[in-house]
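Side-chain atoms are counted along with the backbone in the values below, which use heavy atoms only and exclude waters and symmetry mates. Both ligands and their constituent atoms are indexed starting at 1 by order of listing.
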Amino acid sequence: DRGSVQNSPKLYDVEYLMPVSLGTPSQQLNLDLDTGSSDLWVFSTLLKESMVNGQTLYNPNASTTSDKMEGYTWKITYGDQSYSSGDVYIDTVTIGDLTVSTQAVEAAKVVSEEFTADSDNDGLVGLGFGIINTVQPYKQKTFFEKAMPGLDSPVFTADLKAGAPGRYNFGYIDDDAYSGNITYVPVNSTDGFWRWVSPGFQVGSAGSFNSTRIHGIADTGTTLLLLPDSVCDAFYSQIASAEYEPSQGGYTFECGDPTVPDFYFGTANGQMIRIPGSYMSYSKTDTGSSRCFGGMQSDSGVGFTIWGDVALKAAFVVFDQGSEQLGWAEK
Ligand SMILES: O=C(CNCc1ccccc1)Nc1scc(-c2ccccc2)c1C(=O)NCc1ccccc1
C-alpha cells in the first residue's frame, strides 16, 4: 500500500499543512505533519469556544466509527511552551489515500493561546517515534507505525518547497522528486526523534568545509534551522548588516543585503545539501522594518540542533523507519 498528499506552506513557510480525513462520514481537517513529536491531536468539539478561532473541529460523536478510550488522556508541551491536552478516541484516519482504521485520535479539550491564534492549523500528525507519545496510561502508535506493516516500503518522504506546495509520500520513494543520489545516514531514535550526525558545514560556495560533527534532529514541525552558536557566528559574520539582537530574539540583517551566502551542510560520503541564502531571510522583524529575522538561529536552549523547515525545504528527505535511517537528496 502507499499514499501521497500535497502539503501547503503558510506565510513565510512558518508551517506546512496537509488535508487529513477522520471518522465516518469523513471530517476533513488541515494538519501539520510533525516529525519532531509523536501525538496525532486535533481541535475538537470538546474545546471551550474561547479556545477556538476558526479551526475545523473533529466531532467524535458525529463519527459512527469512533470509540472513546475511557480513562485515556494526553498532554503535550512543546519547546516554545505551547501546549495542548484532552481525551483519546480510536477512529479511522486517511492521509492521501492511505487509511489506518484504528488510529488513536487525540481530541483536544485544552489548547494554549498559540494554537488558538493559528486559525489555519487544526492539529498535528506527529511522525516521530511512538516512544514519546504522551497518551496515558498506555502510549499509542503514530499513524506511520500503524500503517507501516501494510506499506510497500517502511518509509515516508518529505518534499517541502519554499513558498510553494510540496508533497508527503508514504510507502515509496518517487524517483522523479529528486536529483542525483539519495545519501543515507544512521538515525538514533532513543529519544523519539529522527536524530542524526552531520559531519560539518560550509559557508558560501567559496568557503572551506568545517569538519565539526553536528548532532541534531530532522524536524518538519520546527520552522527555523537551529544550529550551534559557533556555526551561527561563522555564517552571520559573512553578512555585512547582520546583528545579534536579543530584543528581536536572535540574528537579524537588512532584508535586501546582497552578501547573504548559501549554507551547505554535510550528510555522508562527501555529499552536502545547499541551502540558498534566500531561505535565510525568514521574515520582516516588524511591519515596515527593513530588517529580516534570520532563518538560522542559535540552538542554545534546546541542547541539540534542529534541522527545521528552512533546511528541509532545500532537500528531498527520506524518513526510513524500517532501517532507522534518513535519506538526503538535492532536488
Ligand atoms: O516540538 C517540536 C516539533 N513540534 C513543533 C511544533 C509544531 C506545531 C506547534 C508547536 C510546536 N520540535 C522540537 S524538539 C525540541 C524543541 C525545542 C525548541 C526550543 C526549545 C526547546 C526545545 C522543539 C520545538 O519546540 N520546536 C518548535 C519551536 C518553536 C519555537 C522556537 C523553536 C522551536
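Taking distance alone, with nitrogen or oxygen atoms compared against 3.5 Å, D32 stays at or beyond that limit from ligand 1. For G301, no nitrogen or oxygen atom sits less than 3.5 Å from a nitrogen or oxygen atom of ligand 1, counting backbone and side chain alike. Distances between N or O atoms of D219 and those of ligand 1 include at least one value under 3.5 Å.
Residue S82 approaches ligand 1 through these ligand atoms, each under 4.0 Å from one of its heavy atoms: 10 (C). Of all the atoms in ligand 1, the ones that sit under 4.0 Å from a non-hydrogen atom of G221 are 5 (C), 6 (C), 7 (C).
T222 OG1, 4.1 Å is the protein heavy atom nearest to atom 28 (C) of ligand 1. Remark: minimum distance from atom 17 (C) of ligand 1 to any protein heavy atom is reached at G79 CA, 3.6 Å. For atom 19 (C) of ligand 1, the nearest protein heavy atom (residue, atom name, distance) is V302 CG2, 3.5 Å. Nearest protein neighbour of atom 16 (C) of ligand 1, counting heavy atoms only, is I306 CD1, 3.6 Å. Of the protein's non-hydrogen atoms, D80 CB, 3.4 Å is the one closest to atom 29 (C) of ligand 1. From the protein, the heavy atom lying nearest to atom 11 (C) of ligand 1 is Y78 CG, 3.5 Å. Nearest non-hydrogen protein atom to atom 32 (C) of ligand 1 is L226 CD1, 3.9 Å.
The main-chain N or O of N59 is found under 3.5 Å from a side-chain atom of Q27 such that the two form a donor-acceptor pair. In this structure, the side chain of K331 engages the main chain of A315 through a donor-acceptor pair within 3.5 Å. Proximity of a side-chain donor or acceptor of S66 to a complementary backbone N or O of Y89 within less than 3.5 Å is not detected.
By the 6.0 Å and 45° rule, K10 does not stack over the aromatic ring of Y16. Judged by a 6.0 Å distance limit and a 45° cone about the ring axis, R195 is positioned over the six-membered ring of F304.
Contact record, D80 with E114: O-OE2, 4.3 Å, taken as the closest heavy-atom pair.
Closest heavy-atom approach to atom 9 (C) of ligand 1 within the set F115, Y83, F304: this belongs to F115.
With a heavy-atom cut-off of 4.0 Å, D34 touches ligand 1 through its side chain alone. Residue-level proximity to ligand 1 for L224 is absent, since no heavy atom of it falls below 4.0 angstrom.
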I would like to know whether W194 and W307 meet ring pair (Phe, Tyr, Trp, His ring centres under 6.0 Å); could you show each step before the answer?
-> CA-CA 10 Å; W194 289 87; W307 302 94; over 10 Å; no
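Between Y83 and F115, the gap from one ring centroid to the other reaches at least 6.0 Å.
For the side-chain hydrogen bond (donor to acceptor under 3.5 Å, both in side chains) with E15, the qualifying choice from T222, N7, N121, T220 is N121, the only one to do so.
The aromatic rings of F143 and F170 stand perpendicular to each other, their planes meeting at an angle above 60°, with 30° marking the opposite boundary.
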